[in-house]
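The structure appears below as structure tokens.
Remember, predicted model here, so these are calculated numbers, not experimental data. Chain letters run A, B, ... following the sequence lines, proteins first, then strands; residues in each count from 1.
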Amino acid sequence: MTTTAARTTTVEVRLPSRLGFEKVAMSTAASVAKLMGFREERIEDLKTAIAEACINAIEHGNRLNEKLSVGVVLSAGSDQLEIKVMDDGKGMKNAPTKPDIDRKMHGEEDPRGMGMFLIQALVDEAEWVVGTNGKGSYVRLVIRLDKEEA
Amino acid sequence: MQTDTKSKIDQQTSPSGKPVSVIRFEGDISSASKDAVIGSYHSLPKETAKIVALDFTKVEYINSSGIALVIQLLMEASNAGQKVLAFGLSAHFNKVFTMVGITKYAGLFPDQASALATV
């Protein structure tokens with residue numbers, strides 16, 4: 001579904017809570033970002049960030065329950081793209097931490113658990129919002145057009 | 001629904017004459033890639049495969065679960081005293097691997113020739 005209001009164009013995608021479908025959000029976001037004029041390098045950053053956000057929503061938010069869907073809303077403004085990835089979980093309460101490769105290599109830290117770090121590192125803004133009543137949480141990402149791109 | 005990862009192994013010789021086992025991946029590297037990544041690595045004989053190269057030339061998508069499998073491989077290789085090289089990553093995934101610190105335990109190279117030239 002696509003709607004246009006004022007200077008923001010919105011594209012919405014609904015994904016089943018099944019791993020692999022994050023690629024649908026990736027390709028949709030990449031198409032929108034390309035239309036907005038983002039450089040290829042920034043589009044690759046965005047694709048990884050949105051993939052990790054969707055994987056978190058599928059795995060941790062909706063706990064792979066295929067009866068639940070993950071909502072992805074892309075709002076394209078004149079100088080930035082905002083993405084909200086929504087699930088039915090209780091939200092992420094912990095702040096992203098930089099992975100410690102030495103601890104991972106020594107088995108002192110789970111080799112996984114890098115998604116939130118990658119999201120935060122690859123976009124201009126990342127915010128994890130806990131839904132009211134313990135449901136309807138989302139992550140909000142923003143990627144801004146550089147002056148050369150805009 | 002996750003895409004299968006294909007992998008195959010071949011033996012190469014570095015310019016200095018050292019044998020290198022190359023694991024070549026194709027497809028996505030994700031949580032569904034354990035057999036392709038860890039299984040392929042386990043099929044290498046630890047006594048003779050002292051240098052292992054990972055070929056990502058035909059990989060388009062790697063997510064954090066896939067990176068975790070690469071870290072698990074690096075951990076096992078480190079414990080076995082093996083050296084690991086990686087080549088063929090896109091500029092983006094080169095950046096991502098560097099961000100998570102993998103470069104501390106595996107050299108990243110643009111292609112096979114430059115990787116093998118270092119051993």
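For B:S30, no part sits under 4.5 Å from any heavy atom of chain A, backbone or side chain. Of the two parts of B:D28, only the side chain, counted from C-beta on, holds a non-hydrogen atom closer than 4.5 Å to a non-hydrogen atom of chain A. Contact annotation for A:E52: only side-chain heavy atoms (C-beta onward) come within less than 4.5 Å of a heavy atom of chain B. Neither the backbone nor the side chain of B:S90 comes within less than 4.5 Å of any heavy atom of chain A. Neither the backbone nor the side chain of A:K47 comes within contact range of chain B; no heavy atom of the residue lies under 4.5 Å from a heavy atom of that chain.
Shown here is A:R63, whose CZ atom has no more than 12 heavy atoms of other residues, nucleotides or ligands within 6.0 Å. No more than 12 heavy-atom neighbours from other residues, nucleotides or ligands sit within 6.0 angstrom of CD on B:E60. Heavy-atom neighbours of B:K83 NZ from other residues, nucleotides or ligands within 6.0 Å: at or below the threshold of 12. The environment of B:K18 atom NZ is sparse: at most 12 non-hydrogen atoms of other residues, nucleotides or ligands sit within 6.0 angstrom.
Here the OH-OG1 distance, from B:Y61 to A:T48, works out to 8.0 Å after rounding to the nearest 0.5 Å. One distance of note links NZ of B:K95 with CG of A:L122; it measures 6.0 Å at 0.5 Å rounding.
For residues 25-34 of chain A, there are no side-chain hydrogen bond (donor to acceptor under 3.5 Å, both in side chains) pairs, not counting sequence neighbours.
Residues of residues 102-115 of chain B lying under 4.5 angstrom from chain A, judged on non-hydrogen atoms, are B:I102, B:K104, B:Y105 by number. Contacts of residues 63-71 of chain B with chain A at a heavy-atom distance below 4.5 Å involve B:N63, B:S64, B:S65, B:I67, B:A68, B:I71, listed in sequence order. Among the residues in residues 101-118 of chain A, those with a non-hydrogen atom closer than 4.5 angstrom to a non-hydrogen atom of chain B are A:I101, A:D102, A:K104, A:M105, A:H106, A:G107, A:P111, A:R112, A:M114, A:G115, A:F117, A:L118.
Under a hydrophobic clustering in which Ile, Leu, Val, Met, Phe, Trp and Tyr are joined whenever their side-chain heavy atoms come within less than 4.5 Å, directly or via other members, B:F56 and B:L85 fall into different clusters. Linking Ile, Leu, Val, Met, Phe, Trp and Tyr residues whenever their side-chain heavy atoms come within less than 4.5 Å places A:V70 and A:F21 in a single cluster. Taking hydrophobic clusters as Ile, Leu, Val, Met, Phe, Trp and Tyr residues chained together by side-chain heavy-atom distances below 4.5 Å, A:I43 shares a cluster with A:M36. Linking ILVMFWY residues whenever their side-chain heavy atoms come closer than 4.5 Å, directly or via other members, places B:L74 and B:I38 in the same cluster. Cluster membership for A:Y138 and A:L15, using ILVMFWY side-chain heavy atoms within less than 4.5 angstrom, is not shared.
Looking only at heavy-atom pairs under 4.5 Å with chain B, the residue among A:E22, A:E40, A:E59 that has the most is A:E22. The choice from B:V96, B:N79, B:V100, B:I62 that makes the most heavy-atom pairs within less than 4.5 Å of chain A is B:V100.
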